[in-house]
Every structure is written in structure tokens, then in C-alpha cells.
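Reckoned from all heavy atoms, side chains included, excluding hydrogens, waters and symmetry mates. Lettering of chains follows the sequences in order, A, B, ..., and the numbering in each one begins at 1.
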Number of protein chains: 2
Amino acid sequence: MSSNAAMAETAALVGDPARACMLNALMDGRALTAGELASVAGITAQTASGHLARLSAAGLLAMERQGRHRYHRLASPAVARMLEAIMQVAGAAPPPALPRRIGPADAAMRRARTCYDHLAGRLGVAIAEAMAARGQVELATDGGAVTPAGQDFLTGFGIIPEPGGSRRAFCRPCLDWSERRHHLAGGLGAALCARCFELGWVKRVPQSRAVLVTRAGEAGLRQAFGIELG
Amino acid sequence: MSSNAAMAETAALVGDPARACMLNALMDGRALTAGELASVAGITAQTASGHLARLSAAGLLAMERQGRHRYHRLASPAVARMLEAIMQVAGAAPPPALPRRIGPADAAMRRARTCYDHLAGRLGVAIAEAMAARGQVELATDGGAVTPAGQDFLTGFGIIPEPGGSRRAFCRPCLDWSERRHHLAGGLGAALCARCFELGWVKRVPQSRAVLVTRAGEAGLRQAFGIELG
DNA sequence: CGCATGCTTCGGCCGCGGCCGAACTGTGCG
DNA sequence: CGCACAGTTCGGCCGCGGCCGAAGCATGCG
């Protein structure tokens, strides 16, 4: 009865070409701005705004303000799974993942850079996702925490976990500019970044926020986090 | 691009309350008539007809004529999976599976009966599904086949697989009246039915198409097919 | 401060599509 | 053959919702 109505409502949201286009563009887990989504859907910003509001209200999307931008992303893996299931029935091959050029044009910046006091770019995101996958940190939209396993790892990595003091913001997710996924910020992000510099794994590029991953860094990252930047 | 359009089209089909209602009613794998589907959706027959035609054209439903009835069912497990994924996102609990009374009112008939020369009812459907699950038979909409493993099983069960003669219709699915799922018909269905009588597993109920599963039958069916009629 | 930018809200246009009544096909039954 | 019943097709009504132009906030920058 009402479950039918709820199902229909959700499906109807996906059932509009413009909205389907936007959802599809978010399938890789990145977060995009309203303007970008309007562009990929081929509609004006005001129309997109309405769609995005409805998608968020229905719990399909999550929104995150950052300055004067608003980043939208799929609200949960369940949404992605649903979209995949629909595409399967629709007989549509998953989209060719067109390499839309977003973020900084500089390849080195996209690969690795600092964001204030922590690491960003593919490197920063890879570290965050590796630690999350291994259960060392738990990331939520509005915060995060280091698990006991994470404490152990950090100690072994040469980072002394914070005493009770400014615990609040110690482990915090931050939306990555170029990757549009979360990397680690807060005290933890800063400590990881500092330790990587200390170990000689990364070096600053003069006059730029970009950092260079050294040979030693590639080996160390592979061993410590299982990361392969490619 | 076009994959977005295909996805939107499919989702839009589910996105109508009436169609969602019908699809939901088919989630258990049974096949229902257009009239029944119209009834559960609370719309007239002519409106339902239009919906069903569109759903079939899009490959969400499969239709099967039987006399002057037209039975509709989900076209594939992928469709069921999609619907489940949508319901999950919609936060709707799967419908309480309201026990709609369909088919013959006689409980014995629903449990087990003969259909011409083969077994039907919960028993017939259970045998067909058990054999399909074990890879002994392969059932398609318009025919079926006994696999090598199935040949072995049948030999052990005391059935001599047909010689090349009337092979065509030896293994054939037949839509079950009360269960609205397929049971086995054709030469195979007849042979299985005959053997069950021969083994004393089932007995005819006088003046009725219903058959009774004996104590020996319950044990035998459990052992031979892993069936538990409950 | 004022301007530019990103996004939202409002108002109105318009077309798609769901709905039903009525009429038609086709199957089964006596 | 005529009747009953399941299902479809046709035609027309109507409302929901997508779309954009214009105007209204918010944030950031010089």
C-alpha cells in the first residue's frame, strides 16, 4: 500500500532523464556542484536546483556546503546499488566514464598536494580510503573517529595519538577538491602529512601546493597503506 | 547519454503508483492475470492493459497466454532485484505478503493435484523448482530440457528417459493454476507423476483432481527432491 | 562597500501521460 | 448460434510536473 507509493516515488525521481543524468554522473562516488550537474544534464541552473532539492529530500543525495559551492553526492551505497540494478534491467552498459576534466589542470596537483596542513589529491583520498577500508578510521559526514586498530597503526607509524584535548576535530573528513571524495583533515590529517614529509615520502614543489611522491614514498605508501597511485 | 535515457525510461515505468503496485504484487514470482493486477492496483482493466503492454515492451514483464487468460509475471530475477533495491532506498519494508485468496478454495487441491497427466499444486511446483535448482532440468518459457545430471537422477528414480522419439515435448513447463508458477508437464511430468503413484507417495482423492501425499510420500519426496511441503 | 558568482525561489507556459467510457476482438461455453 | 467474460484499442479530459526567464538571497573578492 504505502510501500508501493514510496517505491513509486523513489523510482519516479530516477525516472526523469535530467535527474537520471545527474545521478549517473555521481555514480563514481564523487561530489559535484549544482552547476556542474546542471551542465551534464543539459538544463539550466534553476531547473537543476529544483531537482537536487527533491533528490535530497527523498534521501537519494547528500549535500555539503563548502564556501559558496554546494557539493552533491549520492547519499549512500544503497543508492548506487539501486541505480546499477536499474541500469542492468534497462540493458544499458555502465556509462563509459567519460573523463570529464574537473578541478585543477595541473596533473601534479591532482596527484598530490597539501590542503592547508594535510594531504589532498589522489594521494590524500587514497590514504583516507585505505584507512577506512582497514577499519582504522571511521568517517561520517560530520566527523570521524580513530578506532583502536587505528591507534595501534598510528603508534607504529610514528604518530602519537592526541591526548584528550582537542579530540573533537582530530579525525575529520574533508571534501577533496579535484577528486571530489573525502580525504583526512583535522589533527590526524595534519599529523599524517607531517610524518610523510618527515619520512621523506613527499617533497614540496616550489611555488605550488603540489607535492611530489618520492621513490621511497611510493614504496613506503605501498607497504604502510597498500596504496598504488599509478 | 543514451544509457541515461534507458535508465530513466525503466525507472519511470516503476515510478507510476499503479504500475509499482502491479510489480509489487508480482514480486513473489507468481503470474497474475491482467484483471487481478488491475484490481490490486485499483484501476480499470483498460488502464491496466496499457500499463502491462508498456511493461512488457520494456522487458520488465513476460506474458503467457493460457486460454482466454493472459498471465503476467516478472520477466527475470534481475527485475525482482531492481525492485528490491528501489524499495530499500525508499525505506519501505517489503509488503506484508497479504494472503490474497487465489485459485481453488479447496486446500487439498492447492496442496497437490493432477493437471491432466502430471502433478500440480504446491507439490508440482516444488518438484519443478527443486529439479531446476539442482540443475537436473532447464526450464525456459517455451520449452525445457533434461540435463545429463537430470538423466542420471531419473534413471535412479526409476524413470527410463525417452528415446529420441517425441523428445520435443518431453520436458515442458506448465503454468500452475493455484501457485501461478511453473510445474513440469510433458512426458517428463507424466512420468514423474506416474512414478509417484507407483511408489505409493501420492493417492487420488475420489471425485476430485486433488491427490493426497502419504507418509511414505513425505519421506520419499524429502529424500529424493529435498522437498518439505509444510 | 559594490560587483561577480553560485544557487534558490517564484510565476507562468506547455506537453506528456494517466485515467476512464465506449466500442471492438477473441476465446470459451451451452 | 448467442451470450458471457477477458482483454485491448480509441478518443478525449485533465492535472502533474518539467522547463525557463526574471528576480531574490548568500558568499567571496577587490
For this session: Kindly check if the number of other-residue, nucleotide or ligand heavy atoms within 6.0 Å of CD (A/E9) is above 12?
Result: no
For this session: Return the minimal non-hydrogen interatomic distance between B/R110 and B/E179, and the atom names on each side.
Result: O-OE2, 4.1 Å
For this session: Examine distances only and state if a side-chain atom of A/D176 and a backbone atom of A/G121 form a donor-acceptor pair shorter than 3.5 Å.
Result: yes
Exercise. Rounding to a whole Å, what distance do you find between B/Q66:CD and D/dG7:P?
Worked result: 12 Å
Exercise. With A/H72, which residues qualify under ring pair (Phe, Tyr, Trp, His ring centres under 6.0 Å), at least two apart?
Worked result: none
Problem set entry | Contact state string [nucleotides 10-25 of chain C, B base, S sugar-phosphate only, - no protein heavy atom under 4.0 Å] | --------SSBBB---
Exercise. A/Y71 OH to C/dG6 C1': how many Å, rounded?
Worked result: 11 Å
Exercise. Counting only heavy atoms not in B/E138, do more than 12 fall under 6.0 Å of its CD?
Worked result: no
Exercise. Listed by chain and number, what are the ring pair (Phe, Tyr, Trp, His ring centres under 6.0 Å) partners of A/H51, not counting sequence neighbours?
Worked result: none
Exercise. Whole Å only: how far is the NE2 atom of A/H69 from the P atom of C/dA4?
Worked result: 17 Å
Seminar exercise, completed: B/R68 atom CZ is separated from D/dA6 atom C1', nearest whole Å, by 7 Å
For this session: Report the distance from atom CG of B/L37 to atom P of D/dG7, rounded to the nearest whole Å.
Result: 9 Å
For this session: Give the rounded distance in Å between these two atoms: CG of A/L52 and P of C/dT9.
Result: 11 Å
For this session: Give A/A45 one of three labels, base, sugar-phosphate or nothing, depending on what nucleic acid heavy atoms sit under 4.0 Å from its own.
Result: base
Exercise. Starting at CD of B/E64 and ending at C1' of D/dG7, how long is that distance when rounded to a whole Å?
Worked result: 17 Å
